[in-house]
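Note that ligands are numbered from 1 as they come in the structure, with each ligand's atoms numbered from 1 the same way. FYI, side chains are in, hydrogens and waters are out, and symmetry mates aren't considered; it's all heavy atoms of this structure. Everything quoted here is computed from the prediction, not taken from an experiment.
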Amino acid sequence: MRINGIVLAAGQGKRMKSKLYKVLHPVCGKPMVGHVVDLLDRLDCERRIVVVGHGADKVKDYLGSRTEFALQEQQLGTGHAVLQAKEVLGAEEGLTFVLYGDTPLIKEESLQEMIRLAKEQSAAGVVLTAEVEIPFGLGRILRDENGSLVGIVEEKDCTPEQAAIREINTGIYCFDNRKLFAALEQVTNQNAQGEYYLTDVISILRQAGETLAVYKTPDSTEGIGVNDRVALSEAEAVMKERINRKHMLNGVSIQDPSATYIEADVVIGSDTRLLPGTILRGATVIGEDCVIGPNTDITDSDIADGAEIKHSVLLEASVGRSATVGPFAYLRPGAKLGEKVKVGDFVEIKNATLGAGSKVSHLSYVGDAVVGKNVNMGCGSITVNYDGFNKHKTEIGDDAFVGSNVNLIAPVTIGKGAFVVAGSTITKNVEEDSLAVARERQSNKAGYAAKLRARLKNRPKDEDE
Ligand code: UD1
Ligand code: CA
């Protein structure tokens with residue numbers, strides 16, 4: 001059966017008190033509306049329509065060609081919002097989900113269950129409901145003596161008896177598409193808020209003799225709608241827990257889940273261990289048998305099997321098999337470490353490739369460079385890649401040895417197997433297997449230290465330099 005999806009995202013979100021449009025606020029690193037559209041992707045929806053109003057352009061920029069859009073110029077209620085999709089969708093056959101752009105915790109399995117119920121009972125509508133402790137502000141589910149759904153009443157329109165009902169409308173529905181749009185035509189705004197309520201479609205369908213179904217989810221967190229930053233943090237906490245749990249069940253050890261933050265699209269191999277303070281973001285992919293953390297922040301990076309990364313920050317970097325990074329390393333965009341590379345403490349790598357087995361163990365900067373295999377970059381050695389106007393490239397051949405505190409003034413090439421003496425400032429290319437020295441010769445003056453000390457000691461106190 002054909003499935004379509006409508007996402008309501010036209011509301012202003014005043015209570016967020018934000019310059020950022022509500023549905024673009026991220027939960028676990030991804031804008032809320034992105035999570036909702038992901039769900040529609042997983043359901044294999046034929047057509048996806050996002051109803052936009054306030055902030056329309058920003059939402060369109062973010063979603064791009066992933067969905068179609070309908071504009072709701074004035075926010076006259078949820079029923080009116082869905083009606084804006086009629087032009088695009090009204091003539092289609094099949095089932096249509098209505099989801100909210102600010103309700104990102106809905107689970108795919110609940111939506112699948114709703115599809116199953118719609119088919120099994122030939123229902124014109126299936127409502128996702130939940131039982132909650134505090135139903136404040138939400139629509140209440142009305143059932144008849146047989147337990148069948150008869151309608152949904154908004155809190156502001158409730159009698160005291162109805163207000164006591166704790167089964168609430170999450171606002172998520174699966175409708176027969178044709179019947180949805182036919183019923184919407186009959187919705188009026190005769191209610192306490194003067195809005196066109198989508199919820200009225202339920203009683204309209206019921207009165208027309210249609211079958212309605214309810215799926216009451218056992219997990220009421222699914223229905224969390226984000227209206228303010230308090231709810232945003234609740235949504236964040238629930239999703240974080242779900243993501244961590246998924247990885248643990250897939251064989252990833254997380255020593256302290258409360259102190260581990262993994263964004264929705266991160267992939268992690270089994271037997272990898274995450275230590276406290278680990279933050280994994282964006283399109284990061286981590287292999288098997290890695291140890292990540294403590295206190296490590298990785299964004300949009302690829303980490304191969306067996307790598308170890310501690311107390312470090314990585315952005316758009318790639319780390320080879322069994323490489324070690326940190327403590328206190330900073331891998332910036334374009335850092336590519338080969339197998340068994342070692343990047344040690346206080347090292348920054350940017351737009352540079354390091355071949356297998358190379359070591360940059362302490363206090364270095366390597367930028368705009370191609371470093372071969374088994375190269376040793378000594379403590380404090382740096383590439384001087386920037387002349388104030390342009391960036392220049394450094395190339396270092398396999399098995400070269402760059403001594404401590406060497407400056408490689410780019411553009412410059414160090415040949416294979418070359419040896420650059422500690423403290424050198426290299427401005428010219430070094431041939432393969434050559435030794436380069438570029439520093440002052442040392443001269444020692446016997447006995448001078450004692451003489452100097454005596455002179456300094458006898459100097460009158462007020463004699464300033
Ligand atoms: C709605 C339901 C209520 C349910 C609750 C769950 C109605 C009448 N009530 O309440 O039964 O318990 O959701 O959260 O449907 N929107 C538009 N255009 C509009 C109005 C709303 O796009 O004109 C969007 C909002 O951006 C939001 C969603 O629809 O994403 C829900 O709107 P909101 O005002 O929060 O719904 P409620 O009245 O709280
Ligand atoms: Ca709401």
Qualifying residue, where the test is side-chain contact (heavy atoms from CB on, under 4.5 Å) with I262 and the options are I254, I279, T278
I254
Which option, T170, L198, L128, owns the non-hydrogen atom nearest atom 6 (C) of ligand 1?
T170
Quick one: look at Q72 and ligand 1, take heavy-atom pairs under 4.0 Å, and tell me if it's side chain, backbone, both or neither.
side chain
So if I count the atoms of ligand 1 from 1 in the order they appear, which ones are less than 4.0 Å from some heavy atom of T199?
7 (C), 8 (C), 9 (N), 11 (O), 15 (O)
Compute whether any side-chain donor of one residue and acceptor of the other, for T96 and N177, lie under 3.5 angstrom apart.
yes
With the threshold set at under 4.0 angstrom, would you say I168 reaches ligand 1 through any of its heavy atoms?
no
Is K240 close enough and on-axis enough to Y261, meaning under 6.0 Å and within 45°, for cation-pi?
yes
Which atoms from ligand 1 have a heavy atom of T78 less than 4.0 Å away?
7 (C), 8 (C), 15 (O), 20 (C), 21 (C), 29 (O), 31 (C), 32 (O)
Within the structure, does E154 bring an N/O atom to less than 3.5 angstrom of an N/O atom in ligand 1?
yes
Distance, nearest 0.5 Å, that separates CD of Q84 from CG of L184
10.0 Å
Between the side chains of K22 and N227, is a donor N or O closer than 3.5 angstrom to an acceptor N or O?
yes
Looking at Y386, does the NZ or CZ of K391 lie under 6.0 angstrom from its six-membered ring centre and within 45 degrees of the ring axis?
yes
Output yes when the distance from some N or O of ligand 1 to some N or O of Q74 is under 3.5 Å, and no in every other case.
no
Counting from 1 in the order shown, the ligand 1 atoms closer than 4.0 Å to a non-hydrogen atom of G139 are 3 (C), 4 (C), 11 (O), 12 (O)
Quick check: does G77 get an N/O under 3.5 Å from an N/O on ligand 1?
yes
Criterion side-chain contact (heavy atoms from CB on, under 4.5 Å) against K393, the qualifying member of V412, V370, N385, T383
V370
State whether the shortest distance between N or O atoms of A10 and N or O atoms of ligand 1 falls below 3.5 angstrom.
yes
Would you call H80 a ligand 1 contact, heavy-atom distance under 4.0 Å?
no
Counting from 1 in the order shown, the ligand 1 atoms closer than 4.0 Å to a non-hydrogen atom of G11 are 17 (C), 22 (O), 25 (C), 26 (O)
One finds that the ligand 1 atoms under 4.0 Å from a non-hydrogen atom of A9 are 22 (O)
Can you list the ligand 1 atoms lying under 4.0 Å from a non-hydrogen atom of L8?
22 (O), 24 (C), 29 (O), 30 (O)
Just say parallel, tilted or perpendicular for the rings of Y196 and H80, cut-offs at 30° and 60°.
tilted
